[in-house]
Amino acid sequence: MPIKFSKNNLLFVALFAGGIVLPTAILSFLSFRNIQNEIFLAQKTFDENRTSFQKEVEEAIAKEQEKIYQETKAASLFLYEQPRSLLEFGNATAFKDVNGIEAIFLYNDGKLIYPDISSRYFYKTAEFSDAVASPIEQQLFQEEQQSLQDNASFIARSMRMLHSPFETKNEQVQNILGLTRLAYKSQNYPEALKLLKVLEQHPHLQGYLHADLTRSVNLLHFEILVKQKKHQEAEDYCLEVLNQFLQSEHIENIASARFFFEEAFTQILSFEDLSQEKREAFWNLRSNFNHQLGYTNILAKYKDQFIELMDNEYMSKDGILYRSEGNTTLFKMSYPQLSGNQIVIAKIDNENYQNRLLDRVKSVSRSWKNIPYTIINENNDILMGAVPDSASVLTQVRISDAFNWEFTLYEKDVKEIRNESRQRMFLMYGLLSFSLITVILGSFFMLRFISQEHKLLAMKANFLSSVSHELKTPLTSIKMFAEMMARGRVQKTEKVQEYSGLIGKEATRLENLIGAILNYTRMEHGTGAFKWEKLDFSICVQKVFDAVEDIGVEKGLSFHTHFAPNVFVMGDYTALYSLAQNLIENAIKYTNAPGDITINVYNEENRGVFSVADTGVGIPSSEQKNIFNDFYRVGDEMTRSTKGSGLGLAIVKRVAETHKATISLTSKPGKGSTFTVKFKKVD
């Protein structure tokens, strides 16, 4: 029978074909063409990506350097507020550091503004000569270190004091140092302080163990006051030394000065009796003064490069000029970065500065993982990237003003491009195949759905036709016999009884048909329509058999039954009655005389088993998978003379599924059929 599509189905097919199938076919055709050109497209894409990557790297480096310039400019504003005298150090504004910059120096009108420690006499440094210990001093020092008799060493050194006019100045200093060590060792602190004051009256004295004794003497003096618990005197002494240092007319040994003040400030901050106000002042003093000393040390170390930068009038358009020598890099910042005659010279912290730039490049390179590149410094060390096997250079540019970095881009290996293209081609082929398979399967299932819908509509039409005929036939008979009896046309008692029996029979037939329809409707509503209870299924089947036995006997059939007691199941009585009734009536309906019908109900392990076997017409294997479908009836050659609605076995299946029972069929055409239902047994 050819399929006839309804208007809705035709519209659905048209939308499916026009909205999915046709676009998919066009896209598939275009995709196949593009896949063939994938290698060419991959090379073109690589060239475009390489250009974009180079541009992004150059912009990232430029932006990070500009950010460092702006941070340095902001930090230079704080330099005007840094302390110039002792009274300012305790309340100075906190210094502002810049990541990647080790030191910042501020000039205005050619004058050094920061750091300002002895800046007027910056290039006047004290000259020291090498001190040599005399044989007597060497012998006395050895006795101090090895002898356990300090008094003997002290007397020997004291005797030397009587001969001082006959000794050189260095020998006198070394002797006083020896007396000071002995007094300190014996905890004769007053005597040690007297000797230290003698040495302090002559700064920049030398000993053969130290080039300049100034800060060593200061530190020993300070520590003796701390050991004597004279905290206030220790604080005053530290500030006095600091004031002398700030007022000095030449640069001293900055490293030793820095060590002394760091030790002194740290010990003062550890005093428990130090007030909160003083603690904050000394904290600021240590922080700011250390900055000044550290910067002054850098200024002294690289003074030639500073002079060269200050004297160099050439500047780039953005006001930045770099100078590198070895591992030292400085840059000069002036107008238009700064206003007026301000100039900033900054010493770069190479490691942190480079890390800032490289981190920006890393963030960019994450989006361009397939582009081979390297960043190489002036020593030809690779900072980032890797040289590919086929090192064909495409582009090489300088990307950092601060360092002589070369950014190199390489040609990608043709084999690698082909491999990547092949992978993408396989992926695209896979996606394309998947989409085509999806469309094909969708079309198949859509047509199958429409076919099933058509079959269902046909079965429903047959059902309505059959039900109409089934309802009309008994009603016609009932109406005819009832009218004959009502009009008095039947006078004989035998005829009245016969017609009454026929009316009852047709009424029962009509009742069974309506009951089947009602049962099917009840099945459609699900388990909520059931009333669950524990029941003996043998008794239920016995009642069904008693109700239909006469029909089979009248047809000339023989029955063989076995109803085992106590076959308990949990279920709905009405539904189970309908299941048994439909199976037994079907056996009677499709078995011709003489024939046998066998009905069994029994227990099998944890199952309750119900089976109905007949010697009827049987069911072909091709039809067996469909007989439990709604409204389905086996072909016309078998059912033409057999009345029915097509709902009986559909009801049986739904009842079995609802009760979690299994139903099986064994049948051969002309040999009969056996239906077996197995329920879960209830104790």
Side-chain angles (χ1 to χ4, degrees), residues 51-82 93-108 113-115 291 294-295 298 302 305-306 309 312 314-325 327-368 371 373-378 381-385 395 397-409:
T51 303
S52 299
F53 178 51
Q54 178 182 341
K55 182 179 179 181
E56 288 190 22
V57 169
E58 291 176 347
E59 289 179 352
I61 292 289
K63 287 180 180 178
E64 190 62 27
Q65 289 188 151
E66 181 62 30
K67 186 177 180 181
I68 292 174
Y69 300 154
Q70 295 302 322
E71 291 176 4
T72 303
K73 176 182 176 181
S76 69
L77 299 177
F78 286 81
L79 300 182
Y80 282 104
E81 304 177 19
Q82 293 305 304
T93 305
F95 189 84
K96 188 172 183 179
D97 290 312
V98 177
N99 184 24
I101 302 298
E102 185 177 347
I104 302 174
F105 304 87
L106 177 63
Y107 294 81
N108 199 351
I113 303 299
Y114 183 88
H291 266 293
Y295 281 22
I298 293 173
Y302 303 104
Q305 290 172 259
F306 275 81
L309 272 176
N312 194 325
Y314 169 77
M315 296 297 297
S316 62
K317 63 180 181 179
D318 57 355
I320 302 295
L321 177 64
Y322 283 92
R323 280 292 178 269
S324 295
E325 184 176 323
N327 293 325
T328 303
T329 304
L330 306 175
F331 74 81
K332 177 182 176 182
M333 177 187 294
S334 60
Y335 182 83
Q337 291 280 353
L338 301 175
S339 60
N341 294 322
Q342 294 180 12
I343 293 177
V344 164
I345 295 180
K347 181 181 182 299
I348 290 178
D349 179 351
N350 287 358
E351 182 178 357
N352 289 331
Y353 194 102
Q354 290 182 19
N355 287 339
R356 286 188 65 166
L357 300 184
L358 294 176
D359 285 343
R360 287 298 297 268
V361 175
K362 285 179 183 177
S363 64
V364 172
S365 63
R366 291 191 188 100
S367 303
W368 309 94
I371 299 178
Y373 75 97
T374 57
I375 296 177
I376 302 175
N377 63 15
E378 59 184 0
D381 298 324
I382 297 178
L383 302 177
M384 284 190 67
T395 308
V397 295
R398 188 177 175 214
I399 59 171
S400 173
D401 295 330
F403 309 104
N404 292 323
W405 285 358
E406 283 189 349
F407 176 61
T408 306
L409 289 168

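Note that this is a predicted model, so its numbers are computed, not measured.
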For Arg360, salt bridge (charged side-chain N to carboxylate O under 4.0 Å, His left out) partners two or more places apart: Glu64
Shortest non-hydrogen contact between Arg356 and Asn99, atoms and distance: NH1-O, 2.8 Å
Gap separating the CG atom of Asp401 from the CD1 atom of Ile61, nearest 0.5 angstrom: 10.0 Å
Distance (rounded to the nearest 0.5 Å) between Asn404 CG and Asn377 CG: 9.0 Å
Heavy-atom closest pair, residues Ala346 and Thr72: CB-CG2, 4.4 Å
Nearest atoms (heavy-atom pairs only) where Pro336 meets Asp318: CD-C, 3.8 Å
Contact summary for Val98 and Ala75, nearest pair of heavy atoms: CG2-CB, 3.8 Å
Nearest-0.5 Å distance that lies between atom CG in Asn350 and atom CG in Asn355: 10.5 Å
Atom CG of Asp381: over 12 foreign heavy atoms under 6.0 Å: yes
For Asn108, all residues meeting side chain to side chain donor-acceptor pair (under 3.5 Å), sequence neighbours excluded: Tyr80
Sole candidate of Val364, Val361, Thr51 that passes side-chain contact (heavy atoms from CB on, under 4.5 Å) when paired with Glu56: Val364
From CD1 (Ile104) to CD (Glu71), nearest 0.5 Å: 9.5 Å
Whether Phe53 and Phe407 hold their rings parallel, tilted or perpendicular, with breakpoints at 30° and 60°: perpendicular
Full working for side-chain contact (heavy atoms from CB on, under 4.5 Å) between Ile101 and Phe331: CA-CA 10 Å; Ile101 302 298; Phe331 74 81; 3.7 Å; yes
For Tyr335, ring pair (Phe, Tyr, Trp, His ring centres under 6.0 Å) partners two or more places apart: none
Atom of Thr374, atom of Gly385 and distance for their closest heavy-atom approach: CG2-C, 4.2 Å
Pairwise distance CD1(Ile376) to OG1(Thr408) - rounded to 0.5 angstrom: 5.0 Å
More than 12 heavy atoms of other groups within 6.0 Å of Glu325 CD: no
Verdict with supporting geometry, His291 and Asp97, side-chain contact (heavy atoms from CB on, under 4.5 Å): CA-CA 10 Å; His291 266 293; Asp97 290 312; 3.5 Å; yes
Residues in side chain to side chain contact (heavy atoms under 4.5 Å, CB included) contact with Glu59, at least two apart in sequence or another chain: Lys55
Distance in Å, Ile320 CD1 paired with Gln337 CD, rounded so as to fall on 0.5 Å steps: 4.5 Å
Minimal non-hydrogen separation, Lys332 against Leu309, with atom names: NZ-O, 2.9 Å
Derivation of the side-chain contact (heavy atoms from CB on, under 4.5 Å) call for Gln354 and Trp405: CA-CA 10 Å; Gln354 290 182 19; Trp405 285 358; 3.5 Å; yes
Check: Leu338 and Lys73 side chains under 4.5 Å, non-hydrogen atoms: yes
Aromatic ring pairing Tyr353/Phe403, orientation class (parallel under 30°, perpendicular over 60°, tilted between): perpendicular
Partner set under ring pair (Phe, Tyr, Trp, His ring centres under 6.0 Å) for Phe105, not counting sequence neighbours: Tyr295, Phe306
Partner residues of Gln65 under the side chain to side chain donor-acceptor pair (under 3.5 Å) criterion, sequence neighbours left out: Ser400
